[in-house]
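Structure first, commentary second.
Only heavy atoms go into these numbers, but all of them, side chains included; no hydrogens, no water, no symmetry mates.
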Amino acid sequence: MGYTIRILYKDFISRYMICVNSSDVAFLKEKEAVVTILKEVNASKEHCQCGKTKEFMKTELENKLESRREKKLMNNNINNNNYKNNNKNNNNSNNNK
């Protein structure tokens, strides 16, 4: 079976850059950034292939990337909520002085 997912490098990076722990990806050339993301998620070479302008993937890899992306988004959302709650509590305690 072939690669059912075809996505431009810039779109791949925009969507899945959150899956890596390093912000250095933003400074790499597109193809290098895609390869870095794929290495970070331990993508199997049989599930993807780099073209000239697009990444070709099988559905299994897309599911893996989406799952990892969703977890990162959830963690970021939880961290942001904790930060907001801490600031709100600090502001309330300062107002009570």
Side-chain angles (χ1 to χ4, degrees):
M1 184 177 256
Y3 300 104
T4 55
I5 313 300
R6 295 163 178 87
I7 183 170
L8 289 169
Y9 287 147
K10 66 179 180 127
D11 296 335
F12 182 96
I13 295 162
S14 174
R15 184 157 188 86
Y16 299 118
M17 186 166 61
I18 193 170
C19 294
V20 296
N21 295 323
S22 172
S23 60
D24 294 342
V25 170
F27 301 105
L28 298 173
K29 292 181 181 179
E30 286 182 341
K31 192 171 186 175
E32 292 171 355
V34 169
V35 170
T36 300
I37 294 168
L38 292 170
K39 283 181 182 176
E40 182 82 18
V41 299
N42 297 317
S44 169
K45 290 183 180 183
E46 60 194 38
H47 288 128
C48 60
Q49 183 172 340
C50 294
K52 287 184 180 180
T53 60
K54 293 181 182 178
E55 181 62 28
F56 299 88
M57 301 184 288
K58 293 190 177 183
T59 306
E60 295 88 351
L61 178 55
E62 182 190 39
N63 292 341
K64 182 177 186 175
L65 286 163
E66 286 297 324
S67 174
R68 180 120 174 214
R69 180 178 180 270
E70 187 68 29
K71 286 178 187 174
K72 291 279 191 168
L73 289 171
M74 292 291 283
N75 286 341
N76 286 351
N77 195 20
I78 289 168
N79 290 338
N80 286 340
N81 285 339
N82 287 341
Y83 177 78
K84 287 177 187 175
N85 288 338
N86 286 340
N87 280 343
K88 188 176 183 180
N89 290 339
N90 288 340
N91 288 337
N92 286 340
S93 66
N94 289 338
N95 291 338
N96 293 333
K97 289 183 181 178

>> Contact between Ser44 and Leu61 at the side-chain level, heavy atoms closer than 4.5 Å - yes or no?
In response: no

>> To check you understand the geometry: which heavy-atom pair defines the closest contact between Ile37 and Ile13, and what is its length?
In response: CD1-CA, 4.2 Å

> Considering all heavy atoms of both residues, which atom of Cys48 and which atom of Glu55 are nearest to each other, and what is their separation?
Replying inline: CB-OE2, 3.2 Å

> In the single-linkage hydrophobic clustering (I, L, V, M, F, W, Y; side-chain heavy atoms under 4.5 Å), do Val34 and Tyr3 co-cluster?
Replying inline: no

> Under the side chain to side chain contact (heavy atoms under 4.5 Å, CB included) criterion, do Glu60 and Lys64 qualify, and how do the steps go?
Replying inline: CA-CA 6 Å; Glu60 295 88 351; Lys64 182 177 186 175; over 6 Å; no

> How far does NZ of Lys10 sit from NZ of Lys54, to the nearest 0.5 angstrom?
Replying inline: 11.5 Å

>> Taking transitive links into account, so neighbours of neighbours count too, which hydrophobic residues share a cluster with Leu28 at under 4.5 Å side-chain distance?
In response: none

> Linking Ile, Leu, Val, Met, Phe, Trp and Tyr by side-chain heavy atoms under 4.5 Å, what else ends up with Ile18?
Replying inline: Leu73

> Is any side-chain heavy atom of Thr53 less than 4.5 Å from a side-chain heavy atom of Lys31?
Replying inline: no

> With sequence neighbours excluded, what pairs up with Glu40 under the salt bridge (Lys or Arg N to Asp or Glu O under 4.0 Å) test?
Replying inline: Arg68

> Within the distance-only criterion (no hydrogens, no angle test), does the side chain of Thr36 pair as donor or acceptor with the backbone N or O of Glu32 below 3.5 angstrom?
Replying inline: yes

>> Going by the rule ring pair (Phe, Tyr, Trp, His ring centres under 6.0 Å), which residues pair with Tyr9 if we only count those two or more places apart in sequence or in a different chain?
In response: none

> Looking at Cys19 and Lys72, what are the two nearest heavy atoms and their distance?
Replying inline: O-CE, 3.9 Å

> Taking only residues two or more places apart in sequence, or in another chain, which ones meet Arg15 in a side-chain contact (heavy atoms from CB on, under 4.5 Å)?
Replying inline: Glu66, Arg69

>> Do Lys71 and Asn76 pair up side chain to side chain, a donor and an acceptor below 3.5 Å, judged on atom types alone?
In response: no

>> Show the nearest heavy-atom pair for residues Leu65 and Met57, with the distance to one decimal.
In response: CD1-SD, 3.5 Å

>> Quick check: is Phe12 connected to Val35 through a chain of hydrophobic side chains (ILVMFWY, heavy atoms under 4.5 Å apart)?
In response: no

>> Under the rule for salt bridge (Lys or Arg N to Asp or Glu O under 4.0 Å), what residues qualify as partners of Arg6, not counting sequence neighbours?
In response: none

>> Please find the pair of heavy atoms, one from Glu62 and one from Ile5, that lie closest to each other, and give the distance.
In response: OE1-CD1, 3.4 Å

> Nearest heavy-atom pair of Thr59 and Thr4: which atoms, and what distance?
Replying inline: OG1-OG1, 3.0 Å

